[in-house]
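For reference, the structure discussed in these notes is given below.
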2 protein chains.
Amino acid sequence: MPRPRSDDKRNRILDAATRVIVTQGLSAPTMGIAKEAGIANGSLFTYFETKSELFNQLYLELKQEMASVAMKDFPTEADLQDQFFHIWRNWGTWALHSPEKRKALAQLTVSDEITSETRIAGHRLMSAIGELLERVRSAGPMRKVPMSFVITLMNSVADATMDQMIQDPKHAKNHCKNGVEALWRMLA
Amino acid sequence: MPRPRSDDKRNRILDAATRVIVTQGLSAPTMGIAKEAGIANGSLFTYFETKSELFNQLYLELKQEMASVAMKDFPTEADLQDQFFHIWRNWGTWALHSPEKRKALAQLTVSDEITSETRIAGHRLMSAIGELLERVRSAGPMRKVPMSFVITLMNSVADATMDQMIQDPKHAKNHCKNGVEALWRMLA
DNA sequence: TGTACATGACTGTCCAGACAGATTACTAAA
DNA sequence: TTTAGTAATCTGTCTGGACAGTCATGTACA
């Protein structure tokens, strides 16, 4: 057997990319990412064929994390509103603890390096939340509004909320509550 | 007097930039913008010192247009909700007629080429709408929520609405109504 | 006729990705 | 346990292309 590729190194590259993207944006040289990860820039390309590939993988990784964080300790038996508040709190906590990951994800989301296949795969990761949202939508004032619109709305309110929490962490809990209540008024 | 700089040419550059940004993103070569505007690439730099400068100017120009479109035929005497619906309809119409400008503006907004001074100047252009929004906020369930948060929320709902309208123009009017009603439930 | 704009070839810089040689993890025969 | 063999990764230098901005020359307006 030949020399194996290390998962650890792959993760170090993804982590490094996250950090570098936050400070330098998506135009950051691969060289910088490699250096930050503690490897030669050439090695980066054995783990990710192209820079674009790296960004797409990172997008999925971050989206994945965001989805699984949201569902942590999910209260299966609680009522719909409590379930929603739960997810919201999880997101808030995550945003406060990993502001870099969130920033990087935001940059990747608006980038056109991310292919539509990657985006679709990303959506699939969020399907559990989508189903929950669907149950809220179909019973409220937005029952005749396309689901895609409702998803977009939820995402933007969530984003705005997390921004506010990060910008003014002292009242984070309050902002979190304000955000989810605003969403709830909108769709329930 | 020497040969004068032409305002027309300046506008042609800004228009060209809008179009090129939509199809190629902000990394579009200045060469392409110049060609699209029908001038030599060198000339672009007599009108805008740097590429960054061009983008900042374009951002302001678009923001300006968006603000003035919003206030067109403003019903000074109507009640608050009607005034808001009016603005919303104007935005919708604009989005349908100038989808390119909207896309370009969206790209510029998230770019870090746009300085904070430019952003502040951009906000000033929207102050009329801000004051209106303030009157709604201070009388509703969000009266204890920071204005900055409310502005962000309005912007995201507006964005989501316009996206939906462009994506499915047949039911644009409906989507427009759905959007503003969602906003209204949220803050009034 | 002077002054500023217009032009497009040109330059210096930057960077993604290739490459050639060094290194490593692992296997299997001795 | 040692050793030789193998196939992959790792490294850092190198290259080819792209691109923002310059500049020398030409041109048009007052």
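In what follows, every heavy atom counts, from backbone to side chain, and hydrogens, waters and symmetry copies are set aside. Order of the sequence lines fixes the chain letters, A, B, ..., with proteins taken first and strands second; residue numbering starts at 1 for each chain.
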Rounded distance in Å - CZ (A:R3) to C1' (C:dA25): 8 Å
Could you tell me how far apart B:M31 (CE) and C:dA6 (P) are, to the nearest whole angstrom? 17 Å
What integer distance in Å separates B:F48:CZ from C:dC5:P? 14 Å
A:T46 has a side chain; which of D:dT11, D:dC10, C:dA6 sits nearest to it? D:dC10
Using a 4.0 Å heavy-atom cut-off, does A:S6 contact any base of the nucleic acid, only the sugar-phosphate backbone, or nothing at all? nothing
Name the nucleic acid region contacted by A:K9, choosing base, sugar-phosphate or nothing; use a 4.0 angstrom heavy-atom cut-off, strictly under. sugar-phosphate
NA contact type, B:Y47, heavy-atom cut-off 4.0 Å: base, sugar-phosphate, or nothing? sugar-phosphate
Interatomic distance where CZ belongs to A:R5 and P belongs to C:dT24 [whole Å]: 18 Å
Give, for atom CD1 of A:I87 and atom CG of A:D73, the distance between the pair rounded to the nearest 0.5 Å. 12.0 Å
In whole angstroms, how far is the P atom of D:dA20 from the CG atom of B:L44? 10 Å
What integer distance in Å separates B:L54:CG from D:dG21:P? 10 Å
Between P of D:dA20 and CD of B:E53, the distance in whole Å: 16 Å
Give B:A34 one of three labels, base, sugar-phosphate or nothing, depending on what nucleic acid heavy atoms sit under 4.0 Å from its own. nothing
Side chain of B:N41 only, heavy atoms from C-beta on: which candidate in C:dG17, C:dC15, C:dG8 is closest? C:dG8
Note: A:R102-A:D163 ion pair, threshold 4.0 Å (strictly below): yes
Expressed in angstrom and rounded to an integer, what is the separation of A:R10 atom CZ from D:dA8 atom P? 20 Å
Select one nucleotide: of C:dA25, C:dA16, D:dT9, the one nearest the side-chain heavy atoms of A:P4. C:dA25
Same cluster or not: are B:V180 and B:F74 linked, directly or through other Ile, Leu, Val, Met, Phe, Trp or Tyr residues, by side-chain heavy atoms under 4.5 angstrom apart? yes
Output the single nucleotide from C:dG17, C:dA16, D:dC10 whose closest atom is nearest the side chain of A:S43. D:dC10
Rounded to the nearest 0.5 angstrom, the OG-CG distance for A:S127 and A:L125 is 7.5 Å
Okay, side chain of A:T161, backbone of A:V157: is any donor-acceptor separation there less than 3.5 Å? yes
